[in-house]
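Here the structure comes first, spelled out in structure tokens, and everything after it is commentary.
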Amino acid sequence: MKILILSFLLLGVVSQPGISQVGGFEYKLRGLDFLQAGKVDSAMVYLNQATLLGLNDGEVLGGLALAYILQGDAQRALEKAVDARRDRTNPSQDAYLAGFLAHEQLGNVRQRNRWMEQGLDLFPGDYLLLFHAGRVLIPFDKEEGERLLLKSIHAEPGFAPAHLLLGEQMHRRGENLKAALPLLYYLMLHHDTPESAELVRVLERLYDSWAASSASISRHSNVSRGFSVPFVPELPDKRLVDDESRANWYVNQTNALLQSLQLADVTSEDALWVFYSDFFAQVARLNFSMPLAMHTAYSRYPSEVMVWMSENARQYDMLANWLLIQ
């Protein structure tokens with residue numbers, strides 16, 4: 001009997017609206033924090049607990065929708081996203097992103113595009129919505145896809161996939177300057193990922209073809225006239241048969257490219273590219289272009305880079321400290 005009475009008392013406390021809402025709000029915040037940190041299972045536990053405590057606003061349901069899409073359940077993600085979208089007081093960018101991705105996985109192209117447009121109308125600065133919109137559009141509409149990816153990068157420079165995708169797409173189109181800078185930024189963020197060594201090889205081939213072609217993106221180019229620098233790489237010497245000589249050639253070209261960005265010409269048609277020109281020009285002005293070039297070379301030439309770093313530890317540490325405050 002005592003246990004039964006205690007149970008009723010506890011039930012009465014939990015059912016009080018004030019205490020219920022406070023508890024739900026705390027679970028909501030924790031759940032959304034876990035979701036942002038990529039801890040999807042923990043996010044699901046906390047967000048579901050928030051709903052059990054009576055908090056079913058758009059942000060909670062949108063977070064659940066995104067968690068479901070990250071777990072590969074497009075149908076349940078879409079159901080939660082639709083529910084979240086009904087809450088106009090607490091709109092959720094997670095809901096629109098989940099709805100967009102769910103329709104994409106389910107093959108509903110028109111609905112995918114509609115969710116994308118509505119999401120960007122409500123959240124024009126959300127870097128993930130911008131990234132995925134750019135990802136979808138850039139193979140078909142280069143200018144708009146390029147613009148959306150650059151806006152995503154402006155909104156969240158530390159989101160490496162945007163730099164990688166932009167660099168890869170520009171490389172496919174033969175736009176050397178526009179390919180090199182995003183790939184270098186990616187390598188700055190992730191100098192030792194599994195794909196990093198191959199990206200250094202891509203940049204080496206890019207410098208080689210750029211040096212040999214008058215149609216490359218430089219002051220001599222007819223392509224992307226709105227973004228140019230006074231830089232043309234040096235053709236590699238045929239004697240570059242060992243890692244040390246290849247590493248030196250790559251680093252020297254990268255260093256020269258970064259130095260040239262102090263004289264970049266960016267017109268209004270390519271105005272968003274000032275993100276890269278301004279950042280790398282600042283690197284050059286601070287005399288960090290050589291340590292940054294070495295940093296990007298690490299995955300392909302670890303021994304050569306480590307020798308340089310041991311001899312120039314202070315310069316490299318200064319670059320690292322500066323990057324931490326950016």
Side-chain angles (χ1 to χ4, degrees), residues 66 69-70 72 74 77-78 81 93 96-121 123-187 189-190 193-196 198-203 205-206 209-210 213 215-217 221-228 266-277:
L66 187 55
I69 203 70
L70 292 172
L78 188 56
Q93 58 263 53
Y96 284 94
L97 178 60
F100 166 86
L101 294 173
H103 279 299
E104 182 176 42
Q105 289 185 22
L106 295 169
N108 304 326
V109 175
R110 288 186 179 179
Q111 287 294 325
R112 177 203 68 186
N113 293 344
R114 190 161 75 87
W115 278 72
M116 176 185 73
E117 291 166 3
Q118 291 176 352
L120 287 175
D121 283 343
F123 304 100
D126 184 79
Y127 76 96
L128 286 174
L129 284 170
L130 289 164
F131 167 73
H132 285 289
R135 172 181 62 80
V136 166
L137 285 175
I138 199 166
F140 309 103
D141 186 338
K142 168 189 165 300
E143 288 76 16
E144 181 62 10
E146 178 183 331
R147 185 184 72 84
L148 290 169
L149 287 175
L150 283 165
K151 289 185 71 174
S152 173
I153 288 163
H154 276 264
E156 181 48 75
F159 186 60
H163 299 282
L164 182 59
L165 178 59
L166 181 61
E168 288 174 340
Q169 291 294 326
M170 295 298 103
H171 185 255
R172 288 191 185 97
R173 297 178 184 276
E175 303 208 32
N176 293 332
L177 180 60
K178 287 184 174 182
L181 298 184
L183 295 181
L184 286 169
Y185 202 99
Y186 178 88
L187 286 168
L189 295 172
H190 296 297
T193 59
E195 63 269 19
S196 297
E198 181 54 34
L199 289 181
V200 176
R201 293 187 183 93
V202 168
L203 284 165
R205 293 192 292 269
L206 184 151
S209 62
W210 190 347
S213 173
S216 61
I217 295 185
S221 174
N222 296 325
V223 186
S224 292
R225 295 176 183 175
F227 186 30
S228 61
V266 186
T267 61
S268 59
E269 66 187 87
D270 273 328
L272 287 170
W273 284 90
V274 298
F275 169 84
Y276 290 110
S277 60

Who are the ring-ring contact (aromatic ring centres under 6.0 Å, His included) partners of [X], not counting sequence neighbours?
X: His132; result: none
X: Phe100; result: none
X: Tyr127; result: Phe159

Quiz prompt | Any Phe131 side-chain heavy atom under 4.5 Å of Leu165 side chain | solution = yes

Quiz item: Taking side chain as C-beta onward, heavy atoms only, is Pro161 less than 4.5 Å from Tyr186?
Solution: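 Result no, sub-4.5 Å side-chain heavy-atom pair not found.
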
Rounded distance (nearest 0.5 Å) linking atom [atom1] of [X] with atom [atom2] of [Y]:
X: His190; Y: Leu199; atom1: NE2; atom2: CG; answer: 11.0 Å
X: Lys178; Y: Arg173; atom1: NZ; atom2: CZ; answer: 10.5 Å
X: Leu106; Y: Leu78; atom1: CG; atom2: CG; answer: 6.5 Å
X: Arg172; Y: Lys142; atom1: CZ; atom2: NZ; answer: 14.0 Å
X: Leu130; Y: Leu149; atom1: CG; atom2: CG; answer: 9.0 Å
X: Ile138; Y: Leu148; atom1: CD1; atom2: CG; answer: 9.0 Å

How far apart are the closest heavy atoms of [X] and [Y], and which atoms are they?
X: Ile69; Y: Ala74; value: CD1-CA, 3.8 Å
X: Ala155; Y: Gly125; value: CB-O, 3.6 Å
X: Ala179; Y: Leu206; value: CB-CD1, 3.8 Å
X: Val136; Y: Pro139; value: O-CD, 3.4 Å
X: Gly99; Y: Trp115; value: CA-CE3, 3.5 Å
X: Gly145; Y: Leu137; value: CA-CB, 4.2 Å

Quiz prompt | Pairs involving residues 155-168, ordered by first then second residue, that meet salt bridge (charged side-chain N to carboxylate O under 4.0 Å, His left out) (sequence neighbours left out) | solution = none

Quiz item: Do any pairs count as a salt bridge (charged side-chain N to carboxylate O under 4.0 Å, His left out) and have a residue in residues 123-136, sequence neighbours left out, and if so which ones?
Solution: Glu104-Arg135

Taking [Y]'s backbone N and O only, do any of them form a donor-acceptor pair with [X]'s side chain (distance below 3.5 Å, no angle check)?
X: Ser209; Y: Arg205; result: yes
X: Asn108; Y: Gln111; result: no
X: His154; Y: Leu272; result: yes
X: Ser152; Y: Leu129; result: no

Quiz item: In chain order, what residues pass the side chain to side chain donor-acceptor pair (under 3.5 Å) check against Tyr276, with sequence neighbours excluded?
Solution: His163

